[in-house]
Amino acid sequence: MLDSPTRHLDPPQDPTPAMPPVTRFAPSPTGFLHIGGARTALFNWLYARHHGGRFLLRIEDTDRARSTEAAIAAILDGLAWLGLEWDGEVVYQFARAERHAEVARRLVAEGRAYYCYATPAELEEMRATARAEGRPLRYDGRWRDRDPAEAPEGVPPVVRMKAPQEGETTIADLVQGEVTVANAQLDDMVLLRADGTPTYMLSVVVDDHDMDITTVIRGDDHLTNAFRQTQLYRLCGWEPPAFAHIPLIHGPDGAKLSKRHGALGVEAYREMGYLPEALRNYLLRLGWAHGDDEIIPTDKAIEWFDLDGVGRSPARFDFDKLNHLNGHYIREADDARLAGLVAGSFEPAPSPAALGRLTAGMAGMKARAKTLKELAELGAFYVAERPLVLNEKAEKLLTAEALQALAALRPRLASLADWTAEAIEAEARAFAEAAGLKLGAVAQPLRAALTGSNVSPPIFEAAAILGRDETLARLDDRLAPP
RNA sequence: GUCCCCAUCGUCUAGAGGCCCAGGACAUCAGCCUUUCACGCUGAAGACGCGGGUUCGAUUCCCGCUGGGGACGCCA
């Protein structure tokens, strides 16, 4: 199976592991949960659920200056909304800083790490000359073997790991295959900052080890980090986890979607009126496929998901497809649930009666909306108080002839025996035929009068749901304007 | 600059040497359905980046080129 090294490799661990996998999602709380992070979380969650393992959540808040409570809340809310529940307690990385520092100190004691007194200015100069000479931009290891006695006075040192300087480091990535880099490309990364706090590189390794993470599924942008981390695992005497670096999501312009480049938080998608199940389905299909299947509900996703289905090329985010999927899931969603979701967008909140009309009308509205926002606009006439404000197109529909027709139709509706969509339609058809009109010549004006718009759910159904009194009153508003 | 990754319709993808003059989905266009708009259905147009190999045979394997992306922090 390993005869084709560029193809996906078998997992380093047993394909049917006795030990179920442990994955984690490890966002840094420096902003909202953006769409790329959401997909990473989804893949980790699906992988764990598929294999009967555990999915853990760790907040990487070691950057004290940029981490915020609000961001933590946004991440937790976003995951909850998406339905990606994690197992166990949330781990806060900063709380484990002492443990991380202890590992670094142990490494120094063992001679596997060292104190480095190079100043930021020196490092900047190193990078500048390296760039000028066409060499990799890396720390030159000037304190690696230097006698600590030479340490300058009053300069607080950082701790750097002693990375191997020769040979190469290879990771067997579950998505990318086997990837190798020359150790000369890498440098002695900082483990502990001058103030004694651990860096991300140290913290992830220690935490992933301590949390027994078996499979690290994360964005492609971490691929090069994996080499350094692998070296650190070895220095610590630990076995690295399996890695799976999934391709990033790009914006329409093909560049990495980031917080400052077009990426939106999941709450933005919620506000735009997307259903979590639709977003999940969409995100899943970005970079992962199961034959020709497009509509993949979550239970199927759990059943089918595995890392061998993940592609290696980045995907662009496409709202058109998301909209289509969202429309599909709206059509499938429960009417009362939809009415409840849509109710929130009305100000003031709809009355119980209005909510009832929304729910009753949902069947006719569902197929006409791609988002909950559109659904709300479509259903606004069920909630609106008389007299309705007509839009321009509706206004135009109500010509003198049209009003004449409505005036003639009114008494027939008033005396209708059954107030059902079928009965109303039959009456309208009979009336149109008798008056020598096309059905549209009656239905469109009626639509304008009852909904205030030229576009709506089936108008006879709408009239039925509105009720006879409301229907006649809305008609009268047009027939006899005050 | 150095290293790494990627490369099938506009977009998301199927495809693991012959089943492919390349399949599905979104978007587009045309038609049907129809009280509007949708939904749905039918159909159309639309892609293997280029050049070398390997092979009886390459979208599929190898190399180069080109193009795109990512990483090179005492951020995560």
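The chains referred to below are lettered A, B, ... by the order of the sequence lines, with proteins before strands, and numbering in each begins at 1. Computed from a predicted structure; not experimentally measured.
- Within the nucleic acid shown, Leu248(A) comes within 4.0 Å of sugar-phosphate atoms alone, with no base atom in reach, counting heavy atoms only.
- At the heavy-atom level, Ala194(A) lies under 4.0 Å from base atoms of the strands shown.
- Below 30°, between 30° and 60°, or above 60°: for Tyr282(A) and Phe317(A) the angle between ring planes is above 60°, a perpendicular geometry.
- Both geometric conditions, a ring-centre gap below 5.5 Å and a plane tilt below 30°, are fulfilled for His222(A) over the base of A76(B).
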* Asked: Base, backbone or nothing for each nucleotide of nucleotides 29-38 of chain B, written B, S, -, heavy atoms under 4.0 angstrom, 5' to 3'?
  -> ------BBBB

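- Residue-to-nucleotide contacts include no donor-acceptor pair under 3.5 Å from the side chain of Asp220(A) to the base of A71(B).
- Across all strands shown, Glu294(A) has heavy atoms under 4.0 Å from base atoms, whether or not it also approaches the sugar-phosphate.
- Within 4.0 Å (heavy atoms only), Val190(A) reaches sugar-phosphate atoms of the nucleic acid but no base atom.
- Using a 4.0 Å heavy-atom criterion, one finds that Asn225(A) contacts the bases of the nucleic acid, with or without backbone contacts as well.
- Among the heavy atoms of the strands lying under 4.0 Å from Thr62(A) are primed sugar atoms or P, OP1, OP2 only; no base atom is included.
- Applying the salt bridge (Lys or Arg N to Asp or Glu O under 4.0 Å) test to residues at least two apart or on different chains, the pairs with a partner in residues 278-294 of chain A are Arg285(A)-Glu294(A), Glu294(A)-Lys321(A).
- None of Arg228(A), Arg144(A), Arg160(A) except one satisfies the salt bridge (Lys or Arg N to Asp or Glu O under 4.0 Å) rule with Asp188(A); the exception is Arg144(A).
- Neither OP1 nor OP2 of U2(B) sits under 4.0 Å from any side-chain N or O of Arg138(A).
- Taking only side-chain nitrogens and oxygens, Lys256(A) never comes nearer than 4.0 Å to OP1 or OP2 of G68(B).
- Salt bridge Arg357(A)/Glu470(A): absent, no basic N to carboxylate O contact under 4.0 Å.
- The list of salt bridge (Lys or Arg N to Asp or Glu O under 4.0 Å) pairs with a residue in residues 427-448 of chain A, not counting sequence neighbours, reads Arg412(A)-Glu427(A), Glu425(A)-Arg429(A).
- Contacts of Gly287(A) with the nucleic acid, taken as non-hydrogen atoms under 4.0 Å apart, involve only primed sugar atoms and P, OP1 or OP2.
- Residue-level contact check: Thr30(A) touches neither bases nor backbone, having no heavy atom under 4.0 Å from any strand.
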